[in-house]
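Some notes on the structure that comes next.
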Amino acid sequence: MTELNKISLKILSDGKGILAADESTGTMTKRLESVKVPSNEENRLLFRKTLFSSESMKNCIGGVILYDETIKQSSESKTIPEIINASGAVVGIKVDTGAKTLAGSPEEKITEGLDGLRERLKKYYELGARFTKWRGVYTISENYPSKLSIHSNAHALARYAKLVQECEMVPIVEPEVLMDGKHSAKTCFEKTSEVIKKCFEELMLHKIDLSGLILKPNMILDGTNTTKKISNEEVADLTLKCLKESVPQEVPGITFLSGGQSEIEATENLNLINKKNNTNFIMTYSYGRALQQSALKYWSKDIKNIAGTQKIFDHRANMCSLASQGKWSKELEIQG
Ligand code: 5MM
């Protein structure tokens, strides 16, 4: 077993998943302003530190993805990486610098951040990071995602992943096919499969150690603007079929993004995926909104109510952990 494989399994095993707290300052500002809390460094730290010192961190969170600002912050003479490590979770860092207009197809995006990446990775390693994340974004419409966007993003993801492994960290490869649009789940299945297959083609060309990599994909869903929706059972079936056909066996685990699904929807779908899991992959969560939404709303009413906020977060994390083992049910939500 390689060191990278060990780190991956530490993050994913025993009913654990990832807390994606890597919102860039722009996104975090939107989230805070939506609940009428001013977005300043102090408040961003307070909310995040509240989550990172919750009880459920020990049993439900195997890794936390941070943003550049957070990995350098401290509270009560402890650095944020120290607080996370104390719970047993692994520190991760988002290393892309965002999705920009794709030259040659201006309605699509290409994720940037390769320039100077090797040097930045070394600094993040020194700060305590042992895994990283890079997100490629794809939209579905009549002509998209284009071959150009599928190819360019896969190439960037592979170059990123190789640099990360060279620096002895585990890369999370996140190709996110967005839910926005009026496409069917069938189209989402076809496009997501094409995107993931291309990513692995490039990853293999770059000689990535696949046992030390985590894939973070979207689930297969109908577009947000369709009225006719497939059932949760069908979501699970199509998602499993897509991953079984597109992901090489050596990959230890898959951590889904929630992508705008409600907390319950993202939990229910993950639970069904695990109930039906007929692959060797660990299937768990790397949720941002689906782990934080309720906690953020509660916290915004009184930002000094740490214990109350942690209780809300703990419940969500426990539900996701059960779902990652196929042991969740709706009744547990009501009791919680
Ligand atoms: C936490 O949000 C991340 C994106 O931040 P920026 O847009 O500010 O760069 C995002 O990559 C996130 O990690 C994943 O999309 C998963 O989050 P959701 O909310 O979709 O589960």
Problem - Gap separating the NZ atom of Lys216 from the CG atom of Leu257, nearest 0.5 angstrom - result: 6.0 Å
Exercise for the section: Decide whether Thr27 and Tyr67 meet the rule of one side-chain donor and one side-chain acceptor closer than 3.5 Å. Expected result: no
Practice task
Kindly determine whether Phe313 and Thr50 satisfy side chain to side chain contact (heavy atoms under 4.5 Å, CB included), including the steps that lead there.
Solution key: CA-CA 9 Å; Phe313 175 70; Thr50 301; over 6 Å; no
Fill in the blank from the handout: Nearest heavy-atom approach of Glu168 to Tyr125 is O-CE1, 3.9 Å
Exercise for the section: Flag yes if more than 12 heavy atoms outside Lys229 fall under 6.0 Å of its NZ atom; otherwise flag no. Expected result: yes
Problem - Asp180, CG atom: more than 12 neighbouring heavy atoms under 6.0 Å - result: yes
Problem - Reported CD1-to-CG distance for the pair Ile230 and Leu221, which is rounded to 0.5 angstrom - result: 7.0 Å
Handout entry: Donor-acceptor pair, side chain of Thr226 and main chain of Gly223, under 3.5 angstrom
Key = yes
Problem - Lys100 atom NZ: more than 12 heavy-atom contacts under 6.0 Å - result: yes
Completion exercise
Closest non-hydrogen contact found for Thr2 with Ser211 is OG1-OG, 3.8 Å
Completion exercise
Heavy atoms of Ala158 and Ile208 approach each other most closely as O-CD1, 4.0 Å
Practice task
Only pairs at least two apart or in different chains count here, so list each salt bridge (charged side-chain N to carboxylate O under 4.0 Å, His left out) that has a residue in residues 72-82.
Solution key: Lys49-Glu76, Asp68-Lys72
Practice task
Go through the side-chain N and O atoms of Gln261 and Ser258 and say whether any donor and acceptor fall under 3.5 Å apart.
Solution key: no
Exercise for the section: Answer yes or no: is there a donor N or O on one side and an acceptor on the other, between the side chain of Asn153 and the main chain of Ile110, under 3.5 Å? Expected result: no
Exercise for the section: Output yes when a side-chain donor or acceptor of Ser54 lies under 3.5 Å from a complementary backbone atom of Ser56, and no otherwise. Expected result: no
Handout entry: Trace of the side-chain hydrogen bond (donor to acceptor under 3.5 Å, both in side chains) decision for Ser231 with Glu234
Key = CA-CA 5 Å; Ser231 67; Glu234 288 169 297; 3.1 Å; yes
Handout entry: Heavy-atom side-chain proximity of Asn271 to Leu322 below 4.5 angstrom
Key = no
Exercise for the section: May I ask you to check whether over 12 heavy atoms, not counting those of Asn40, lie within 6.0 Å of atom CG? Expected result: yes
Handout entry: Main-chain N/O of Lys10 paired with Ser13 side-chain donor or acceptor, under 3.5 Å
Key = no
Exercise for the section: For the pair Asp222 and Lys228, find out whether any cationic side-chain nitrogen is under 4.0 Å from an anionic carboxylate oxygen. Expected result: no
Problem - Electrostatic pair Glu333-Arg316, nearest N-O below 4.0 angstrom - result: yes
Exercise for the section: Please check if the side chain of Ser193 supplies one atom and the backbone of Phe189 the other of a donor-acceptor pair under 3.5 Å. Expected result: yes
Problem - Donor-acceptor pair, side chain of Arg44 and main chain of Leu32, under 3.5 angstrom - result: no
Handout entry: Atom pair CD1 (Ile7) and CG (Leu12), whose distance is rounded to the nearest 0.5 Å
Key = 11.5 Å
Problem - Check: Lys191 main-chain N/O paired with Glu194 side-chain donor or acceptor under 3.5 Å - result: no
Exercise for the section: Tell me yes or no: between the side chains of Ser39 and Glu33, is some donor less than 3.5 Å from an acceptor? Expected result: no
Exercise for the section: Kindly assign one of parallel, tilted or perpendicular to the pair His206 and His155, based on the angle between their ring planes and the thresholds 30° and 60°. Expected result: perpendicular
Problem - Distance-only donor-acceptor check, side chains Thr192 and Asn218, under 3.5 Å - result: yes
Handout entry: Val170 side chain near Leu213 side chain, heavy-atom distance below 4.5 Å
Key = no
Practice task
Answer yes when Asp96 and Arg135 have at least one side-chain N-carboxylate O distance shorter than 4.0 Å, and no when they do not.
Solution key: no
Practice task
Decide yes or no for Ile65 and Ser286: does some side-chain heavy atom of the first lie under 4.5 Å from some side-chain heavy atom of the second?
Solution key: yes
Exercise for the section: Show your reasoning for whether side chain to side chain contact (heavy atoms under 4.5 Å, CB included) applies to Phe256 and Ile273. Expected result: CA-CA 11 Å; Phe256 293 99; Ile273 287 171; 3.9 Å; yes
Problem - Side chain to side chain, Leu291 and Cys320, heavy atoms closer than 4.5 Å - result: yes
Practice task
Please answer whether the main-chain N or O of Glu112 pairs with a side-chain N or O of Thr97 as donor and acceptor at a distance below 3.5 Å.
Solution key: yes
Exercise for the section: Would you check if Phe131 and Pro171 make a side-chain contact, meaning some heavy-atom pair closer than 4.5 Å? Expected result: no
Exercise for the section: Before accepting this row, confirm whether a basic side-chain N of the pair Lys94/Glu23 lies closer than 4.0 Å to the acidic partner's carboxylate O. Expected result: no
Exercise for the section: For the residue pair Asn274 and Gln325, confirm or rule out a side-chain donor-acceptor distance under 3.5 Å. Expected result: no
Handout entry: Nearest-0.5 Å distance, CZ of residue Phe52 to CG of residue Leu45
Key = 9.0 Å
Handout entry: Any Thr139 side-chain heavy atom under 4.5 Å of Glu107 side chain
Key = no
Problem - Between Ser184 and Thr187: side-chain donor-acceptor atoms closer than 3.5 Å - result: yes
Exercise for the section: Give a yes or no answer on whether the side chain of Glu174 reaches the backbone of Pro217 with a donor-acceptor pair at less than 3.5 Å. Expected result: no
Problem - Charged N-O contact under 4.0 Å between Lys276 and Glu233 - result: yes
Fill in the blank from the handout: Interatomic distance, CD1@Ile80 vs OG1@Thr70, rounded to 0.5 Å, equals 7.5 Å
Completion exercise
The reported gap from SG in Cys60 to CE in Met319 (rounded to nearest 0.5 angstrom) is 9.0 Å
Exercise for the section: Would you check if Leu121 and Met169 make a side-chain contact, meaning some heavy-atom pair closer than 4.5 Å? Expected result: yes
Exercise for the section: Kindly check if the number of other-residue, nucleotide or ligand heavy atoms within 6.0 Å of CZ (Arg159) is above 12? Expected result: no
Handout entry: Residues Lys123 and Glu126 bridged, charged N to O under 4.0 Å
Key = no
Handout entry: 4.5 Å side-chain heavy-atom contact, Ile306 and Leu46
Key = yes
